[in-house]
Each structure stands twice: as structure tokens, then as C-alpha cells.
Amino acid sequence: RVLQESGPSATLDSATLGDANFFFRFAQSNQFQARAGLGFNYLSDRSDSNFGGNFTYAVDWYPVKPVIVSAEIDLGWLGHESLFHFRVTEGVNWKYGEAFVGYDYYDVGNFQVGGMVAGVRLWF
């Protein structure tokens, strides 16, 4: 997620916030799957970069073909601050791809940001 804000004298400041996770699928049926894993978090802007780790839990629900409803929660840290991340999406699957829209929320220390998210995910 790229975050941008306008500062004094109309300057634009931006930061990149995200994570990467390794999952283990531990439950699966024709309409549901659950995964848990570990990962790392990062925040980078012009002046500094911070990193941390997380525990992640995710579920996918397939109510009717080709719809996929997904949710993910990350608990961890970023630099010296605690981190909570939540994402929920609804998508449409076609072959090995999914187009989705949803909501993404981060809480890092005293900083909270949330908003709409859209993208494409590959399934293999």
C-alpha cells in the first residue's frame, strides 16, 4: 500500500507499507480453506525504513462459483511499534486468477489507516 499526504507548502510525502507471508494450509473443504503462517512487515519512506514480523491467519470461503470471499488478520510489530492488519475482499475467479475488491486496515502504534483495495490474485 502506498500512502500519500500533502504537507505544508503543497509538498507531497509518501510511504510504502506492506507485508509478505509464508502460509501453511491446515483446513480445506469444497467451500472453505484456512491458512496460518509467519511473515514480515515493512514501512519505507524517503527518510527511513522499518521492518518487523507477524503471525498471520487467513480464510477463503467459496459460497457459489465463481465468488471468493477472503479475510486475513496479521498481528505483529513494525520497528518498535505493535501492528494489527486486517483485510477482507470479495472476488470473482476465472481459471487461475481472481479479480477482487475489498477493505484494508492497518493500525501501527498511534497510526491508523484504512481504505478500499482492489487487485488481481493468482491461484496455483
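Just so you know, these numbers come straight off a predicted model, no measurement behind them.
Atoms CG and CZ, from L43 and F111 in turn, are 8.0 Å apart once rounded to the nearest 0.5 Å. Atom OH of Y62 and atom CG of N30 lie 10.0 Å apart (nearest 0.5 Å). The structure places CG of D104 at 10.5 Å from CE of M116, a figure rounded to the nearest 0.5 Å. In this structure, the separation between CG on D107 and CD on Q112 is 4.5 Å, given to the nearest 0.5 Å. Separation of atoms CZ (F84) and CG (N54) is listed at 12.0 Å; rounding is to 0.5 Å.
Between A34 and Y57 the shortest heavy-atom distance is CB-OH, 4.0 Å. Here the closest heavy-atom approach between residue Y106 and residue G18 is recorded as OH-CA, 3.7 Å. When every heavy atom of F26 is checked against every heavy atom of R35, the shortest pair comes out as CE2-C, 3.7 Å.
Between the side chains of T89 and R121, no donor N or O sits under 3.5 Å from an acceptor N or O.
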Problem set entry | side chain to side chain contact (heavy atoms under 4.5 Å, CB included) between I73 and F86, intermediate numbers included | CA-CA 5 Å; I73 292 177; F86 174 73; 3.6 Å; yes

For this session: Begin with the C-alpha distance, continue with both residues' side-chain angles, and end with the deciding distance and a verdict on side chain to side chain contact (heavy atoms under 4.5 Å, CB included) for I68 and W123.
Result: CA-CA 12 Å; I68 301 171; W123 290 83; 4.0 Å; yes

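Counting non-hydrogen atoms of neighbouring residues, nucleotides and ligands closer than 6.0 angstrom, the CH2 atom of W94 reaches no more than 12 such neighbours.
Judged by distance alone, the side chain of N41 and the main-chain N or O of F51 form no donor-acceptor pair under 3.5 Å.
Using a 4.0 Å cut-off between charged side-chain N and carboxylate O, R87 and D19 make no salt bridge.
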